[in-house]
Each structure stands twice: as structure tokens, then as C-alpha cells.
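Take a look at the structure set out below.
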2 protein chains.
Amino acid sequence: MKANAPEDEGRQDAAARLREWITGGRFMPNERLIETDLAQALNVNRANIRMALAMLEQEGLVVRERNRGARVRLVSDAEAIEIAEARQSLEGLIARQAAARASKADCAVLRGIIAEMRKAHTAADYLAISALNGRLHAEIQRIADNATVTRLLEMLRSQIVRQQYRAILLPGRARASVQEHAAIVVAICARDIGAAEKAMRRHIGGVIAALKQAIALKVG
Amino acid sequence: MKANAPEDEGRQDAAARLREWITGGRFMPNERLIETDLAQALNVNRANIRMALAMLEQEGLVVRERNRGARVRLVSDAEAIEIAEARQSLEGLIARQAAARASKADCAVLRGIIAEMRKAHTAADYLAISALNGRLHAEIQRIADNATVTRLLEMLRSQIVRQQYRAILLPGRARASVQEHAAIVVAICARDIGAAEKAMRRHIGGVIAALKQAIALKVG
DNA sequence: AATAACATGATTGTTGACAATCCTGTCGAT
DNA sequence: ATCGACAGGATTGTCAACAATCATGTTATT
């Protein structure tokens, strides 16, 4: 039975933890991922690491070359924009479906997040804003209840977390972001599917513009 | 060196061949995928099969349960529609980008495919229509030159090839499909990005409607 | 000094054996 | 006849050793 002792925390899916390590910035883009090292660090055997790397390659987080092992995938500026555009399209869809399904309780939650966002903004706490950002989108996805699109968005998001950070730090972007999010929530709570999609597309449009600006400025 | 003799054709990516087997209908939905059997059939070792199955799980083609192995994923009717809706969104984006980038040569190719489609339609050759269908979408994706979205669409398509078949066979659907495709090509060749996206969304909308109809009729 | 052949260590790829788990059918008790 | 315990086979999960390949530095030759 191998009782799940405290040292057995390694039983959690290796791929999930490795994904967190990569998106969390523990490895640099293009950094080599040595199988034996990872196996030791994650306390699983090499076969599991190989499977995890294969899965993360499918997700676009990792690049593997035969006999050369795996590296963290470097997503170019152009790709980051491609990804953000795809996200725009899918987030629009999810916002529309959320608007069609949102209950009053759902709306209360969304409004609560917006309120917290405003607070974080006046406090100039950009880290908190970023976190609330994620929470709001996750909540909208939960409301929309569309596993397919949620999965795709999760994939896309994980590929550009790094780039997203640079964008939110541009002057004035945080303020605009809060307003855009507020508009999305208003539309969803009004059950206006057209407005919800439009507001969401406008929001991600803002993200894309900020991203392009950050790229042009060579910020980050 | 293990010279690549003819019997070495098994060196091709096992995941790719297994994917073809699944989308090609060689296995039924929910059918168990036994690792040793697959290893023998594909002439690779079990470790490779395990990696392939992990990858195909990420793609949504396969479901794996711990200690219970892998099965071909059964996508429910509701999921099929979810997937088609996601496709609608992304195909719209790709059509828009194709319209922005299409050269005259590209348009000639697209028009050629439409011509062949019309021929196949008058000949009532539904298999050919379906194939041309795929070629047209692939061509549009090539023109749009967006690797990210192309990859996502490929994932989605592979999950519902089976359902798509039932839809095209509905009375009148083939004719409508040809017309919708023609409209897309016209818009792309006119470099009208708005019209291209709209035409594509309308087309996939038609697919979705047909799919719903097929589901309601319990066809397939 | 520049280059090529070569040796060496590091890393990935492959294989087979074994352990753990699940699934199925049989047997016995009620 | 129904139900549960249990045995046996089938299948998956784990592991370690080995082979193949790559990367790096060294040496010999010009």
C-alpha cells in the first residue's frame, strides 16, 4: 500500500508540478531540462519525467529534439501576439457563454473581484491586480462551463504568462485593464451576450496593444 | 547505426500513427487501448506507446485512468457542439488572417478547390466533397500562416471527425456547404477581412446546425 | 595557429524484468 | 439463487541496467 507518508507528496502528477515550475519562471526560456535532474528534484523516476516532457511539448511549453533532450520553449514576440489573438477569439466566446449562463450569485462573485481590483489599483499593488486578473478570468470560465474552451485557454495562457507581466506594468495599462474588466462584468451581469463578447474582445485587444507596445519598447 | 531497412518504417513517430488509427476509425469510442498490443502492432516498445498515449490524452483523443489504462475518448453530443463552437471562433480568426495575406496565386488555388467541389457535388460524390472540404480549410490555414491557431484547429478537428461525417450526409447540407465555402473564398480573394470572418463563421454555423439536426435525428 | 581525428564524459533512448493493481470467473455460505 | 471471499490471469506502473548519441576537450598534424 505504501502509505502516503509526508515524504510521499511526490505522488502528485509530475507533469503538473513541472508545468508550474516552468510557468512560474523557475527555468529560463531555452534552458535545458535534464531528465535525471528533474527526476531527482521531483522525486519520480525518469520514465515519468519523459512522459511529462512529452505532454508539456504537446502543450507548447517545451521543445524536444531527438537525442538532444528538452528545453523550455522560447516563444517569440510574433508568436506571443499570435497566441494573444487566439486568446481574444476564445475569450470572446467564453464571455458570451458566461453571459448566457450567469446567475445572480455568479454576478456577486464577479462584482466582488472587480471591487478588490479597484482597491488593489488605488494601492498600486500590481502583483495583486495580476492575481485578481487571473481569478476573474477563471471565474468567467467556470460560469461559461465549457471544458473544451477552458482547456484551450489554459494552454494559451500558460505559454505567455511571462509576456503578460511586461504588459501590465506599462504606465496607464493597469487602470485601463480594471475598467475593461468592469465593462465585461457589467455586460455579463446584464445577460447581454453580444456586449459581453465585445467587451471581452476589447479587453484582450487592449492586452495585445500593450504587448505590442512593450515589445516595441523592448521592455521586460 | 541500425540501417533504416524497409522493416524500419516503424521509426516514424508512434503517436502520429496511433492518432491516424484513432481518427480513422480503426478503434471504437471507449475501446480499450492495450499497451502491449499497440507496441506490437506499431513495432515500437511499450515506453514509446506510453508516451504516445500521454500525448494523445493531452490532445483529447484518449482518456487514461490510473492503473486502468487508456481508452479512445468518447466525445458526447454536447461536447461535439462545444468543440464545433470553439472551431467556429478560431476558423473565423484564421479566415480573417487569410484574407489579409492571400496572394493571387493563393486565390487561384482556393478557386480551383471550389471548382472541384462543385464538380464533386453534381456527381453526388460525398466522400470527395469531404476530402475537398479538408483541403480547403488546410489551404486557408496555410495562407493565414498562424501556427498557433492551426495547431489548435487540428486538435479540435481530430476530436470530431466522426461527427462531421454524419452532418455532411444530411439532405441539402452538401449543397449549402459548397455555397458557404464559395462565399468564404470570394471574401478572402477580395481581401475583405470582415466579410471573410463573417462568411467563415456562417459556414461553421451551418455545420453546427447540421450537427444539432443530426443529433436530434439520432443519425449516425 | 588552425584544423581534423579522436577520446571521454554527459545525456538521452531502449529494453526487459519485476511489482502493483485491476478484472474475471469460481467456489462456498446463506 | 444471491452474495461475498478469493484465486488466477491480464494489464499497467516502476525500476535499473545497458546501448546509442551528443557535446566537449585533447592531441597530432600541417
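Here is how names work: the chains are called A, B, and so on, in the same order as the sequence lines, proteins then strands, and each is numbered from 1.
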- Separation of A/Ile34 atom CD1 from C/dA10 atom P, in whole Å? 12 Å
- Task: Could you check whether B/Ala47 gets within reach of a base, just the sugar-phosphate, or nothing at all, counting any heavy atom under 4.0 Å?
- Result: base
- Message: The criterion is side chain to side chain donor-acceptor pair (under 3.5 Å); which residues satisfy it with A/Glu85, sequence neighbours excluded?
- Response: B/Gln97
- Considering only heavy side-chain atoms of B/Arg50, the closest of C/dT14, D/dT14, D/dT11 is D/dT14
- Task: Write down the distance between CZ (B/Arg46) and P (C/dA17), rounded to a whole number of angstrom.
- Result: 12 Å
- Look at A/Arg26 together with A/Glu20 and state whether they make a salt bridge at an N to O cut-off of under 4.0 Å. no
- Task: Take atom CG of A/Asp37 and atom P of C/dA10, then tell me their distance rounded to the nearest Å.
- Result: 12 Å
- B/Leu38 CG - D/dA10 P separation (whole Å): 17 Å
- Item | Sole residue of A/Asn146, A/Val149, A/Thr150 in side-chain contact (heavy atoms from CB on, under 4.5 Å) with B/Glu82 | A/Asn146
- Query: Within the structure, does a side-chain N or O atom of A/Arg66 lie under 4.0 Å from either OP1 or OP2 of C/dT14?
  - Reply: yes
- Item | Separation of atom CG in B/Leu33 from atom P in D/dT11, rounded to whole Å | 12 Å
- Task: Could you state the atom-to-atom distance from CD1 of B/Ile49 to P of C/dG13 in whole Å?
- Result: 16 Å
- Message: Is A/Asn67 close enough to C/dT12 that one of its side-chain N or O atoms is under 4.0 Å from OP1 or OP2 there?
- Response: no
- For C/dG13, take OP1 and OP2 only and decide whether either is under 4.0 Å from a side-chain N or O of B/Asn45. no
- Task: Identify, with sequence neighbours excluded, every residue that meets salt bridge (charged side-chain N to carboxylate O under 4.0 Å, His left out) alongside A/Arg64.
- Result: A/Glu57
- Please state how far atom CD in A/Glu35 lies from atom P in D/dT14, giving the value in whole angstrom units. 16 Å
- Quick one: the side chain of B/Arg68 and the base of D/dG13, do they pair up donor-acceptor inside 3.5 Å? no
- Message: Check this for me, if you would: do A/Arg73 and A/Glu79 make a salt bridge, where the nitrogen-to-carboxylate-oxygen distance has to be below 4.0 angstrom?
- Response: yes
- Item | Whole-Å gap separating C1' (C/dT14) and CG (B/Asn43) | 13 Å
